[in-house]
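Okay, structure first, notes after.
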Amino acid sequence: MKNLLSLLMATSLLVACGQGGDDSAATAPQEPMLKGRMAIDEASYEGHLRTLSSDEFEGRGPASAGEEKTIQYLVEQYKAIGLKPGNGDSYVQDVPVVEITADPSTSATIKGSGDDLTLTYGEDYVSWTTRVQEEVNVTESELVFVGYGINAPEVGWNDYDGIDVTGKTVIVLVNDPGFATQDDAVFGGNAMTYYGRYTYKYEEANRQGAAATIIVHKTEDAAYPWSVVESSWIGGKFSLQTENDNADKLAIEAWIQEEDARTLFDRAGLSFDDMKAAAAKPGFKAVSLNQTFTSTIKNSFKKLVSRNVVGVLPGAKKPDEYFLYMAHWDHFGVGAPINGDNIYNGALDNATGTAGLLELAEGFATGKPLERSMVFLAVAAEEQGLLGSKHFAENPTVPLNKVVAGLNMDGLNYYGATKDLEVVGFGFSELDSYLERAASNEGRYLVPDQNPEKGYYFRSDHFELAKFGVPMIYPGAGIDHLTLGKEYGQKKADDYVKNDYHQPSDEVKDDWVFDGAISDLRLFYDVGLMIANSGDWPNWVEGNHFRKIRDQSMQ
Ligand SMILES: [Zn+2]
């Protein structure tokens with residue numbers, strides 16, 4: 001039902017676009033614009049994909065020998081395609097990162113309301129700091145429960161209203177009140193919003209002046225089990241290097257298991273369930289747990305440089321306006337062996353997207369000149385927390401308010417052409433209508449995210465540009481296989497998640513076929529083509545969090 005509603009909304013959006021002014025894409029002649037378009041070369045796509053995901057490229061880990069090979073390959077291809085350097089006279093943008101490894105022998109002590117309570121690292125909680133310091137301390141910092149930790153002025157919701165958390169340790173729930181209530185009128189209902197992501201919780205708590213932030217983990221709310229938190233938080237983690245070594249960031253970022261959080265509430269004489277329910281309602285007030293948090297993190301760190309690769313195809317009429325295609329080139333590199341294989345090839349994730357990026361660049365470079373310019377951005381260190389795209393967004397090589405819109409590719413179809421195409425974050429921006437048009441020209445149809453509660457829109461690189469207001473569309477793959485149907489496509493998609501996602505077995509398999517990726521790339525191409533040859537400035541839809549940011553950036 002929800003899907004049907006979203007589709008209806010998209011249809012009315014198309015109609016709305018058609019009523020726009022002279023610049024509206026919908027009023028422009030459609031057919032001629034798409035005539036003579038590229039035939040994306042399947043053999044060439046497959047060649048890039050096989051090369052990038054070969055063992056020789058060692059899984060493309062950041063700042064590794066595999067990175068060196070990848071960057072060389074991409075720069076060679078950009079040159080051969082005829083792209084201009086996108087960062088001054090270079091195709092490369094340095095991304096300074098730091099790998100921080102916390103000593104796992106750390107612990108945390110809760111004081112007040114009875115005997116001291118010790119939380120065991122890994123078992124009860126995990127913690128980290130982005131501060132590049134050998135030792136980071138938080139000492140007897142008051143624990144405050146701030147509900148979902150959301151400050152959303154556009155909907156008049158502020159969990160920090162009336163409380164000063166400077167120097168305090170905030171305990172915060174993951175996800176958002178919409179998920180808790182399943183009320184579509186509240187924070188998008190079941191679908192996770194930007195405010196539901198853990199990264200937002202830390203960022204907002206830091207803006208509020210907190211010393212430490214502890215997110216309460218619950219599998220359904222987070223969309224992944226504690227084991228994922230454990231495996232991704234224990235051991236080395238990367239952050240961007242900054243001039244002040246992240247001294248202005250939270251001292252401690254942590255997660256706690258829900259049962260341990262319950263203990264803290266019990267000790268304060270509060271019911272966790274009651275407080276959680278209250279946090280999902282408007283007018284929630286933050287409450288002190290009358291206990292303090294004390295912890296020391298001992299770090300070792302390594303400063304490294306990874307690299308984005310950026311090329312530009314200058315437009316003929318409006319060269320200072322851009323459409324941007326992006327894909328992350330990195331994966332996990334060489335790591336712990338599984339079934340005797342220690343190379344995390346990242347064939348689907350994201351040699352497919354990177355190969356697609358090269359094919360799109362080639363297609364545009366060999367096609368008719370465009371009015372606007374095109375940027376082709378292969379970003380680094382996505383798997384380490386979207387770091388390459390974050391660095392690009394903070395240090396853009398072209399002004400972000402001149403980037404009309406963009407499209408991100410992270411994992412393309414490997415099981416054959418489909419009638420449908422999933423759009424993650426469907427309904428967020430007016431870009432849907434362009435993709436919708438491209439799809440219907442091919443007799444294909446769009447479907448909204450199949451798992452909006454997982455917040456995938458906020459988990460890949462385009463999100464870092466969206467945070468600065470740039471309208472970004474993030475298509476996934478379809479499942480409605482041309483000849484074998486939806487069940488087949490769904491099974492293939494599920495199989496990948498179950499068996500190969502972030503595993504050394506993410507390799508090009510004998511049964512992989514590429515016509516699906518090629519037909520999807522044609523649609524991605526058409527979206528860029530329509531926008532590059534128009535005067536359109538598609539925006540976020542009314543009420544979307546990023547719209548105000550965009551509007552302000554355009555002034
Ligand atoms: Zn990826």
Side-chain angles (χ1 to χ4, degrees), residues 45 48-49 52-53 57-62 64 66-67 70-71 74 95 97 197-199 223-224 228 231-232 237-238 306-309 324-335 343-360 376-393 406-415 422-425 449-451 454-466 472-477 492-508 512 516-517 520-521 524:
Y45 169 81
H48 292 314
L49 166 57
L52 290 164
S53 64
F57 279 64
E58 297 178 36
R60 307 183 307 283
S64 69
E67 159 157 348
T70 308
I71 301 298
L74 292 175
V95 180
V97 296
R197 283 289 291 160
Y198 78 88
T199 47
Y224 40 78
V228 168
S231 64
S232 48
K237 264 173 77 72
F238 284 80
S306 192
R307 283 161 286 179
N308 292 333
V309 183
L324 179 143
Y325 286 103
M326 72 190 308
H328 75 85
W329 60 256
D330 68 296
H331 197 59
F332 288 105
V334 177
I343 300 177
Y344 289 67
N345 304 78
L348 186 96
D349 186 9
N350 186 29
T352 56
T354 311
L357 187 73
L358 293 172
E359 286 309 310
L360 290 169
F376 299 91
L377 175 64
V379 287
E382 188 268 357
E383 305 289 9
Q384 314 299 332
L386 319 182
L387 298 182
S389 48
K390 188 180 170 72
H391 180 77
F392 181 87
L407 183 149
N408 180 34
M409 292 165 286
D410 192 355
L412 302 187
N413 175 309
Y414 68 93
Y415 41 78
E422 183 185 33
V423 182
V424 180
D449 334 18
Q450 298 305 289
N451 302 98
K454 295 197 169 158
Y456 283 125
Y457 190 81
F458 313 106
R459 292 163 69 170
S460 188
D461 295 300
H462 56 279
F463 174 48
E464 293 297 338
L465 288 148
M472 295 294 299
I473 192 163
Y474 179 37
K492 293 303 255 185
D494 292 347
D495 282 353
Y496 172 78
V497 173
K498 201 168 86 196
N499 304 322
D500 304 321
Y501 175 67
H502 288 186
Q503 305 287 327
S505 60
D506 182 359
E507 296 171 320
V508 179
W512 280 28
D520 291 352
L521 283 167
F524 305 165

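Read the numbers this way: they start at 1 and go in the same order the structure lists the ligands and their atoms.
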key: Name of whichever N/O/S atom of H328 is nearest to the Zn ion (ligand 1)   = NE2
Within-4.5 Å side-chain heavy-atom neighbours: Q503 and N499 = no
The Zn ion (ligand 1) - closest N/O/S atom in D410 = OD1
ask   = Within a strict 4.5 Å, meaning less than it, do heavy atoms of the N408 and F463 side chains meet?
value = no
request  = Scan side-chain atoms only and decide if Y496 and D506 contain a donor-acceptor pair under the 3.5 Å cut-off.
outcome  = yes
request  = Provide the atom name of the closest N, O or S atom of D349 relative to the Zn ion (ligand 1).
outcome  = OD1
query = What class does the angle between the rings of Y344 and H331 fall in, given that below 30° is parallel, 30 to 60° is tilted and above 60° is perpendicular?
reply = tilted
